Amino acid sequence: MTNFDFALLTLLCLLLPLENSTTATKMMASLVKPGIFRHLMCRNNMYPRSGVLRFPVSDDHVFWSAPYADYCPPVYTAPHIGGQVWADPPLPSEAFYPQWNQLDGQVNRESFHGAYEVKDGLPLNPIGRTGLSGRGSLGRWGPNHAADPIVTRWKRDAEGAIVANSTTGKNIIQMVAIQRSDNKLWAIPGGMVDPGENVSVTLKREFTEEALNFTDKANMVEKFFREGGVHVYSGYVDDFRNTDNAWMETTALNFHDEDGKQVGQLELMAGDDATNVRWTDVDSQLKLHANHADIVREVVILRNAHW
Ligand SMILES: *[C@@H]1O[C@H](CO)[C@@H](O)[C@H](O)[C@H]1NC(C)=O
Ligand SMILES: *[C@@H]1O[C@H](CO)[C@@H](O)[C@H](O)[C@H]1NC(C)=O
Ligand SMILES: *[C@@H]1O[C@H](CO)[C@@H](O)[C@H](O)[C@H]1NC(C)=O
């Protein structure tokens with residue numbers, strides 16, 4: 001992309017939410033907030049691919065403000081992240097002094113939920129206890145920033161007419177979902193924001209890497225992404241890999257193909273990280289990885305689609 005494209009995309013991302021999704025953004029923002037939202041996926045289970053059992057955390061013990069004298073979470077950092085370029089060095093360390101709550105060189109250590117606490121040299125999960133300290137399998141201490149493109153089109157019949165649900169009378173929206181290889185759940189085809197990378201670049205890169213095997217479609221996909229995404233969410237993700245000291249946050253944008261003539265036409269093939277990819281009907285029964293369904297719900301409201 002050229003600098004001009006960047007500027008245009010950034011401008012669109014900044015302007016569109018104000019016009020279109022104020023209500024939606026407010027709604028999600030009011031749900032996922034420290035002191036209000038209790039994560040569920042990262043509590044009371046076995047840490048993925050580890051054999052490490054999380055220390056029990058009841059609903060009443062999630063918030064750090066609630067006393068929990070017996071709290072004694074195991075420390076776990078997955079061995080495979082040691083020495084990876086995308087991962088931080090271990091802590092505490094004599095040689096590694098992360099700049100918490102700010103842009104640390106190229107690495108964004110700021111949370112969308114304001115300043116997080118740092119206790120005994122380690123950042124604290126802004127939502128609360130997870131029953132595990134250390135980094136688990138996440139690369140960064142503190143926030144791990146991802147970007148999630150929610151690519152949608154209207155469901156159409158063989159004649160190309162939009163299909164509505166007969167009960168609600170509303171049109172059915174379809175999204176591109178990938179099946180994750182780690183937990184087999186369907187998810188938004190997102191990924192991690194590389195240090196110094198613009199979220200707009202991550203969104204397109206992850207979508208093409210994860211959901212598309214495009215050969216001659218590159219220009220079309222490029223154009224589709226450039227023409228505008230609507231911001232639907234920025235904040236914490238209730239991810240099963242979160243720990244007391246490392247957690248996922250994401251920026252989600254909706255890229256909607258209204259007439260189905262752009263990416264809506266694409267046949268989909270799985271990329272490296274995914275085992276499967278497809279256009280999925282969106283409705284209230286949709287089960288997705290982490291709290292992705294809550295994020296997709298914002299798109300449903302924005303587009304006035306069937307749920
Ligand atoms: C239409 O939506 C309702 C819920 O609002 C659902 O129970 C029903 O199965 C849907 N109909 C079809 C044909 O999918
Ligand atoms: C990302 O976008 C901002 C402005 O929108 C720009 O200042 C910055 O240089 C961009 N970063 C990269 C890595 O291109
Ligand atoms: C991608 O598409 C090309 C051309 O259609 C095909 O040869 C190749 O096997 C595909 N790769 C994957 C990973 O599906």
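Since we're looking at a predicted model, the values are computed, not measured. Residue numbers run from 1 in the order of the sequence given.
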Quick check: closest heavy atoms across [X] and [Y], and the distance to 0.1 Å?
X	Y	value
Arg140	Ala87	NH1-C, 4.1 Å
Trp141	Pro89	NE1-O, 3.0 Å
Leu53	Pro74	O-CG, 3.4 Å
Pro123	Gly142	CG-N, 3.4 Å
Gly260	Gln265	O-CG, 3.4 Å
Ser133	Asp244	CA-CB, 4.3 Å

Any [X] side-chain heavy atom under 4.5 Å of [Y] side chain:
X	Y	result
Asn125	Thr243	no
Met220	Val263	yes
Ser111	Glu249	yes
Leu266	Val176	no
Tyr71	Val57	yes
Ser137	His80	yes
Leu91	Pro98	yes
Gln262	Glu227	yes

Working for side chain to side chain contact (heavy atoms under 4.5 Å, CB included), residues Arg135 and Ile81:
CA-CA 9 Å; Arg135 252 177 308 167; Ile81 71 176; 3.9 Å; yes
Mind checking whether [X] and [Y] sit in one hydrophobic cluster, side chains of I, L, V, M, F, W, Y counted as touching below 4.5 Å?
X	Y	result
Trp100	Tyr97	no
Phe37	Val296	yes
Val62	Leu124	yes
Val282	Leu302	yes
Ile150	Val300	yes

Please report the interatomic distance [atom1]([X]) to [atom2]([Y]), rounded to the nearest 0.5 Å.
X	Y	atom1	atom2	result
Ser284	His306	OG	NE2	6.5 Å
Trp307	Leu286	CH2	CG	6.0 Å
Met41	Asp239	CE	CG	9.5 Å
Leu138	Asn242	CG	CG	6.0 Å
Asn183	Arg49	CG	CZ	9.0 Å
Lys119	Asn245	NZ	CG	10.0 Å

Is there a donor-acceptor pair under 3.5 Å between the side chain of [X] and the backbone N or O of [Y]?
X	Y	result
Asn165	Thr167	yes
Asn108	Leu103	no
Arg278	Ile178	no
Gln106	Asp104	no
Thr251	Ala147	no
His39	Ile127	no
Asp238	Leu40	yes
Tyr68	Ser65	no
Asp257	Arg153	no
His145	Glu110	yes

Is it the case that the side chains of Arg54 and Asn44 hold a donor-acceptor pair, with the cut-off being a distance below 3.5 Å and no angle test?
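Asn44 vs Arg54: no donor-acceptor pair found between side chains.
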No-hydrogen, no-angle side-chain donor-acceptor test under 3.5 Å, Arg303 and Asn254:
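On atom types as modelled, these side chains qualify, holding a pair under 3.5 Å.
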Between Arg109 and Asp88, does at least one N-O distance fall below 4.0 Å, as a salt bridge requires?
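Yes, Arg109 and Asp88 are salt-bridged.
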Hey, are Arg43 and Asp59 close enough for a salt bridge, meaning a charged N less than 4.0 Å from a carboxylate O?
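Answer for the salt bridge query: yes.
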Which is it for Gln174 and Asp281 under the side chain to side chain contact (heavy atoms under 4.5 Å, CB included) test, yes or no, and what are the steps along the way?
CA-CA 4 Å; Gln174 295 183 315; Asp281 288 4; 2.7 Å; yes
Tell me, with the steps shown, if Leu288 and Met175 meet side chain to side chain contact (heavy atoms under 4.5 Å, CB included).
CA-CA 12 Å; Leu288 295 175; Met175 67 174 280; 4.3 Å; yes
Whether over 12 other heavy atoms sit under 6.0 Å from Glu117 CD
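Atom CD in Glu117 is not packed in, count stays at 12 or less.
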Nonpolar side-chain network containing Leu132, other nodes, edges under 4.5 Å:
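Leu132 clusters with Tyr47, Val52, Tyr76.
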Sorted by first residue and then second, give each ring pair (Phe, Tyr, Trp, His ring centres under 6.0 Å) pair with at least one member in residues 153-212; sequence neighbours left out.
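Qualifying pairs, neighbours excluded: Trp154-His256, Phe207-Phe225.
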Which residue, Asn144, Thr250, Val201, Thr202, forms the side-chain contact (heavy atoms from CB on, under 4.5 Å) with Val193?
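That would be Thr202; it is the only one of Asn144, Thr250, Val201, Thr202 passing the side-chain contact (heavy atoms from CB on, under 4.5 Å) with Val193.
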In this structure, is the centre-to-centre distance between the rings of Tyr116 and Trp247 below 6.0 Å?
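When the ring centroids of Trp247 and Tyr116 are compared, they turn out to be within the sub-6.0 Å range.
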Checking side chain to side chain contact (heavy atoms under 4.5 Å, CB included) for the pair Phe240/His289: CA distance, chi angles, key distance, verdict?
CA-CA 9 Å; Phe240 71 154; His289 168 72; 3.7 Å; yes
